[in-house]
Protein chains: 2
Amino acid sequence: MAEQLRNRFVALKSHVNGEPTESDFDIKTESIAVAARSGEVIVKTLCVSVDPYQLNRMKANCSSQAAIGFAAAIPPGQAIDTYGVGRVVASGRAEFSKDELVIGLLSWGEYTVVEQGRLLNKLDPMGLPLHYHVGPLGFSGLAAYGGFFEVCNPKKGESVFVSTASGSVGSLVGQYAKLFGCRVVGSAGSQSKVDLLKQKLGFDDAFNYKDETDLKSALKRHFPDGIDIYFDNVGGEMLEAAIANMNTYGRVAVCGAISEYTGGGRKAALELLDVVYKRITVQGFLAADHLKCYPDFISSTAEYINAGKMEVLCSISHGVDSIPGAFVGLFRGDNIGKMVVKISDK
Amino acid sequence: MAEQLRNRFVALKSHVNGEPTESDFDIKTESIAVAARSGEVIVKTLCVSVDPYQLNRMKANCSSQAAIGFAAAIPPGQAIDTYGVGRVVASGRAEFSKDELVIGLLSWGEYTVVEQGRLLNKLDPMGLPLHYHVGPLGFSGLAAYGGFFEVCNPKKGESVFVSTASGSVGSLVGQYAKLFGCRVVGSAGSQSKVDLLKQKLGFDDAFNYKDETDLKSALKRHFPDGIDIYFDNVGGEMLEAAIANMNTYGRVAVCGAISEYTGGGRKAALELLDVVYKRITVQGFLAADHLKCYPDFISSTAEYINAGKMEVLCSISHGVDSIPGAFVGLFRGDNIGKMVVKISDK
């Protein structure tokens, strides 16, 4: 009989509707035989990504949304997939060997049996910390890069507004925009985050949205000549305020809408007269739409990081048991930059 | 002393906020000397366009919007500019001669003194009725053509939804889409309009939105396989319902938002999760943005009309005194197709 591994993993107790709490999750244990069948690869998790969008997959009505890849429903009781880095324990595929580093769709858990067809690639860490590969060099990075360069279609000298600017995607968008030659202002939810944006990430300016009673006025103050590009991670009132302050031919890339995920915030009610007269484009996108720019994204981002031109912000927690808390904290703004959970060092 | 013309024209009494009424307007009389100064052209109006967007220019807060061309504020007491066809009475410009037909920015009135720099071109009627040139061959047509082909980026076989489909722009969009090879469904506000769309304009289907209690369900019924393109003329709940029924990579061209102009309807609250996961693009535009496709637009539209492939829907009223009523009626859905006022026959 094959050697058995004990696998501890996070599962949903039941669908989450509204703000998530740690009690929505269970830590479950299962036994995995270390004998990969043909096509399967058994992977030990080293680190995994924790992302706000996963909440949408935990809702009871998730099936009403397009069931595409990362948007597929997460059924209660089962392992929760996410982007992660791991090491091959046993391989039933010729292209993967034991002990190799891999990156792909793993689980919020210690081990994953990766079936044929599920995203899995060899990982060249390029001398960078492994957790960078689920953050700035992973889908957060690709969302920032593809969203900014492909969806926002920036021109040098344009004015860019980024919400949740100290988050995993926003912190990168702002830095790409600065490196490209734009003027960049970010919003965040605390004074320390605002300081970080201005002092460490090189934003031209930043503000704490919780200190503002009128977001339209706040944006008017920070963009007296209007906003050309809004990289939206929050939706709701901030999107309305940005539309009101946009210039003619302004572009809004909708990457996420965290204020609307929990059902607590109200939906953005767009001023369509502005949309028409200012010829504004509002475009939703997913990182996976921009795989064609993946090679450019990886090479330029790794170069920026290695050259010290780009700061990587990560919040790291440790162990499977810390995953629910790390996830729940995303909706309270606990994290700075990319939230990553390290499961094992090797 | 130069001959004097008596000019009767429509003016705003005061700013309009909300639904317009005929009492918001005055008919004023002025005297114009038939002696064009250098750079001026005095034009006798033959017919003029009456459009919903003009209401936005009559609002007290209009100055807060981009003051570009057709969006400029209309001050109370002054003549109201609009697209129209006329005949030159006297010319202070070498390129225009007395009695020539012209088209450009005239007034809701009998005569206009067109200053240098204001839109004015010679008109070749191409054997078609003059009022066609302020409708299907004017800015309504260009909005339909540019909006559909440039903004919506259609592919043959796609499913297209058009609101206010029996209106000046919608009736043309639906016909362009059918001629291009799309499946087209339209919404309108009466059974007779619905019949017209299906029987005269060749729409695949149509429905009376006033008969529907749930617009989302109505669109689901008419688009069981989803909407690829929504040409939006109304905003509000219809836009929300369209977003809910859109396919991945769906496109929304926002041409107008008549339900929101009067302040009576509520603003569209977009479901951003749909926008993101379905990668929907919502884009506002103005006809004037698409002047580069003007030659294609004019030649293909004139050809379609002459060949009997395209129906022209017009509602015509007569005389300056009928203008306020024609305008007010737009917001009650009185018109079918393009609303034009004939001022003089020659």
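Convention: sequence-line order gives letters A, B, ...; per-chain numbering from 1.
Within the model, atoms NZ of B/Lys267 and CG of A/Leu272 stand 9.0 Å from one another, a figure rounded to the nearest 0.5 Å.
Residues forming a side-chain contact (heavy atoms from CB on, under 4.5 Å) with A/Phe223 (at least two apart in sequence, or on another chain): A/Ser159, A/Phe161, A/Arg183, A/Val185, A/Leu219, A/Ile227.
Interface check for chain A: of the options B/Asn247, B/Val276, B/Val151, B/Val254, the most heavy-atom pairs under 4.5 Å are formed by B/Val276. Contacts with chain A were tallied for B/Leu239, B/Val282, B/Val275; B/Val282 has the most, counting heavy-atom pairs under 4.5 Å.
Residues of residues 230-237 of chain B having a heavy atom under 4.5 Å from any heavy atom of chain A, listed by number: B/Asp232, B/Gly235, B/Gly236.
Interface residue A/Leu270: backbone and side-chain heavy atoms are both found under 4.5 Å from chain B.
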